[in-house]
Amino acid sequence: MTTTEDLTTSLRTILDKYDTSRDNLIPLLQEIQEHLDYLAPEAISMAAEHLDLSENDVYGVATFYAQFRFHPPGRHRIKICQGTACHVRGGGMVLDAISRKIGIVPGETTPDGNISLERVACFGSCALPPVMVVDDTVYGRMTPRKSEKLIEELE
Amino acid sequence: MSFADIQQQARRTWERFQSGETPRVLVGAATCGRAAGAMDVIRAFREAQAADPILASVEIQEVGCLGMCYAEPLVEIRGPAGDRVLYESVTPAMVPDLVQEHLRQGRPISRNALCRMPDGQQGELQDEIPLFTDLPMIHHQLRVVVRNCGFIDPTDIDHYIARGGYSGITRAMDMGPDAVIEDVKLSGLRGRGGAGFPTGLKWSFARKAQGDVKYVICNADEGDPGAFMDRSVLEGDPHAVLEGLLIAGYAVGANHGYVYCRAEYPLALERLRTAIDQMRDKGFLGENVLGSDFAFDVTIKMGAGAFVCGEETSLMQSIEGKRGMPRSRPPFPANAGLFGKPTNINNVETLAAVSAILEKGGAWYAAIGTEKSKGTKTFSLAGKITRTGLIEVPMGISLRTIIEDIGGGVLDGKGFKAVQTGGPSGGCVPSNHYDLPVDYEHLAQVGSIMGSGGMIVIDEESCMVDVAKYFLGFTENESCGKCVPCRMGTQHLLRLLTGITEGRGAEDDLETIRKIGDTMKKASLCGLGQTAPNPALTTLNAFMDEYLAHIRDHKCPAGACKALISFTIDPEACTGCMACAKVCPVEAVSGIKKQPHAIDPQTCIRCGACRQACKFGAVRVE
Ligand SMILES: Cc1cc2nc3c(=O)[nH]c(=O)nc-3n(C[C@H](O)[C@H](O)[C@H](O)COP(=O)(O)O)c2cc1C
Ligand code: FES
């Protein structure tokens, strides 16, 4: 994704797959985010135009859902479960340990753009708590120490 | 092809899969299996196979979850003699032995063998290995909804068909829609999404509603933290759910179905997509389902991370491309739902039960369970319990049987304090109700709910005020903000509970909590706000002394609330093993090997890691 032109072309390709009915809004934003890793302002305006909605309306929907991001995430995405099962088995300890280790709080990205940290309520792997997801791999039975090791192995 | 031909072909596929002719390796590779390292184990088996021509014919397959998540990764090996052994906690390092001994020599290894699987040949070496159905975790269970999970390849529709799948829709189409609804009524099935509304009755409303276009929706949002029943079924047996949706569509007269599944479940979504393609191939979807004039199709909609979207009216808003906010009822979805059309919405587990009910008949299902709570219920056992996992039991079984016999009791032999049922909208059932029969009525009697079936076991080391605060933190965050009682109520409750856990509480707060809670119950727009105060109210009722200890004495009796505790090491009990020092994230523990250690209170961040690590109970908390 280098130039604005590239961005427009690739967004066009995505948009063209969807007809202009409103119920395509969320799937469309999901596919854009899958492609760009976040919802760039250009993406919002193009999606609004495609579905004949105001940009306000599109932002209104996108901000309602936790899945959508408006800034590029880090190269690695760490998600730590704070669901009930993980909470009672020390999920908070794992989150604190990582937070201390990389020096950011959940919702932030490290200044070098390498890692972003998120807290998530339940991955459905509650039988193996605490759970942590690094990029797309789910790790169960975490401890602060094990989680720190995983971070050290990143790049 | 007629359904009889489809079945026959499927049975041949299944027999080949079941017969001992081809040695097999079946790896539980649902999300929980993967989290425990199942994919590394599969890789190790493939590598072993590539290196050894004798193993060329061995089939290595992924299956769903058997429910014994505590023992993951689970691997079933079907050896050359047809014997079947399930191994627990398998690591890649164990693979060469398993290959050499069991797959090549036909000698099961009893170390790490959890059980023998049903239908296997009984080899002589296996006597020391218990049978699957004799395992304490399995013994009390009755599998209806998860009948196929872990036994079939979820990506092979033939496996599902051969085990009775899609004969439910066939039977339904022979009976006609009205008789289907009667059969579901007869079964006594109540919705498993939380509220327990009778499914047959709900269908009859949607059937009676006027409209040429109708919809059926499968609610696979499962936003409750601590619950993973729906995920396991979708990953382990997607067709059971889709067949239920097809039957629902046929019964209410809908030609279009939606599955609304949360984005946090990528594997479930993948399994659903595969299954829907296979249904199209077999003629179970399309203009003429199974050659009839009934037309039906299914669309998958992916959730976008909002708990409230599990609520039915919010979910429909979300499918329509809007903010997922609830609206008041009536009109009920049965009359004016998705796109304003009559809509029927059911939970994943409800639909998986429906396909079994239509296959075997409503009377068969009604014979299971209790008078008012028929059938079986799945639960996810999590928290401080020895055997975490997914279980399915007949309604009416006691809490004690679930926790002690099935779950193996509280983790590390600690004392049982309470079990939290029904997710964030549920309540805590304290230990004096240990013998409570688990069904809709009895849980309601003690102020909790069945909910979707999450069961979080809480031991003596967990603080009930903290647990209540935790849930309010969740609901406050997830409240959509549309109605005042929920938006403001959750904020206030959270603020009060936080204050108490930090030693800033006053006794008046307890009365305020009750008042706010009552108002929220009565005045909130949707179930989220109506139930959000439950964790606070139920803990307040059952654990008043714990609240008072925080408020009056500034003490957390369970030793969990960071602001009120400090850690010390008892020099008498400490053996100097260094375990606590190793886990301390801030190096607050000092001392040398074999000498008693000490904790520097200034450095200590009260994370409790040392206490968890100490095998001698030497870390004291006050
Ligand atoms: C805040 C909230 C969240 C809910 N989340 C879910 C959910 O994740 N899955 C579900 O099936 N039902 C959920 N429900 C219940 C649904 O609104 C609805 O009752 C259910 O899907 C109906 O299906 P059933 O009759 O088969 O139970 C939720 C309700 C509320 C109020
Ligand atoms: S609570 Fe963490 S995975 Fe469910």
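Bear in mind that the values here come from a model prediction, so they are computed numbers and not experimental data. Letters A, B, ... mirror the listed sequences (proteins, then strands); counts begin at 1.
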Would you say CG of A:Asp52 has more than 12 non-hydrogen atoms from neighbouring residues, nucleotides or ligands within 6.0 angstrom?
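No, not enclosed.
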
Compute whether any side-chain donor of one residue and acceptor of the other, for B:Glu587 and B:Thr603, lie under 3.5 angstrom apart.
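No, B:Thr603 and B:Glu587 have no side-chain donor paired with an acceptor closer than 3.5 Å.
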
Is it true that A:Ser147 and A:Tyr139 share a donor-acceptor pair across their side chains at a distance under 3.5 Å?
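Looking only at side-chain atoms, A:Ser147 and A:Tyr139 do not form any donor-acceptor pair under 3.5 Å.
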
Quick check on [X] against chain A: is it the side chain, the backbone, both or neither that has a heavy atom closer than 4.5 Å?
X	answer
B:Arg262	side chain
B:Cys65	neither
B:Asn477	neither
B:Tyr70	backbone
B:Ile385	backbone
B:Arg34	backbone
B:Cys584	backbone
B:Thr31	both
B:Ile319	backbone
B:Glu461	neither
B:Lys301	side chain
B:Ala36	both

Does [X] come within less than 4.0 Å of [Y], counting only side-chain N to carboxylate O?
X	Y	result
A:Glu118	A:Arg77	yes
A:Glu152	A:Lys101	yes
B:Lys384	B:Asp459	yes
A:Asp96	B:Lys562	yes

Option in [options] with maximal non-hydrogen atom pairs under 4.5 Å from chain B:
options	answer
A:Leu53, A:Val61, A:Leu51, A:Asn24	A:Val61
A:Glu148, A:Met132, A:Met93	A:Met93
A:Arg145, A:His87, A:Gln82	A:His87
A:Gly83, A:Cys126, A:Cys122	A:Cys126
A:Gly140, A:Gly124, A:Ala62	A:Gly124
A:Ser21, A:Ala85, A:Gly90	A:Ala85

So do [Y] and [X] actually touch side chain to side chain, heavy atoms under 4.5 Å?
X	Y	result
B:Tyr260	B:Ser318	yes
B:Pro424	B:Pro535	no
B:Ile391	B:Met137	yes

Looking at [options], which has the largest count of heavy-atom pairs under 4.5 Å with chain A?
options	answer
B:Gly454, B:Pro225, B:Ala304, B:Gly321	B:Ala304
B:Phe474, B:Tyr470, B:Phe228	B:Tyr470
B:Val308, B:Ile456, B:Ile605	B:Ile456
B:Gly608, B:Gly383, B:Ala306	B:Gly383
B:Ser462, B:Gly473, B:Cys69	B:Cys69
B:Gly305, B:Gly324, B:Cys32, B:Ala227	B:Gly324

Heavy-atom distances under 4.5 Å only: say whether [X] touches chain B with side chain, backbone, both or neither.
X	answer
A:Pro129	neither
A:Ala97	neither
A:Arg22	both

Closer than 3.5 angstrom, by distance alone: can the side chain of [X] be matched with the main-chain N or O of [Y] as a donor-acceptor pair?
X	Y	answer
B:Thr421	B:Gly426	no
B:Lys341	B:Tyr215	no
A:Ser116	A:Thr109	no
B:Glu72	B:Ala38	no
B:Gln420	B:Gly423	yes

Which label fits B:Tyr258 and B:Phe339: parallel for a plane angle under 30°, tilted from 30 to 60°, or perpendicular past 60°?
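The rings of B:Tyr258 and B:Phe339 sit tilted, inter-plane angle from 30° to 60°.
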
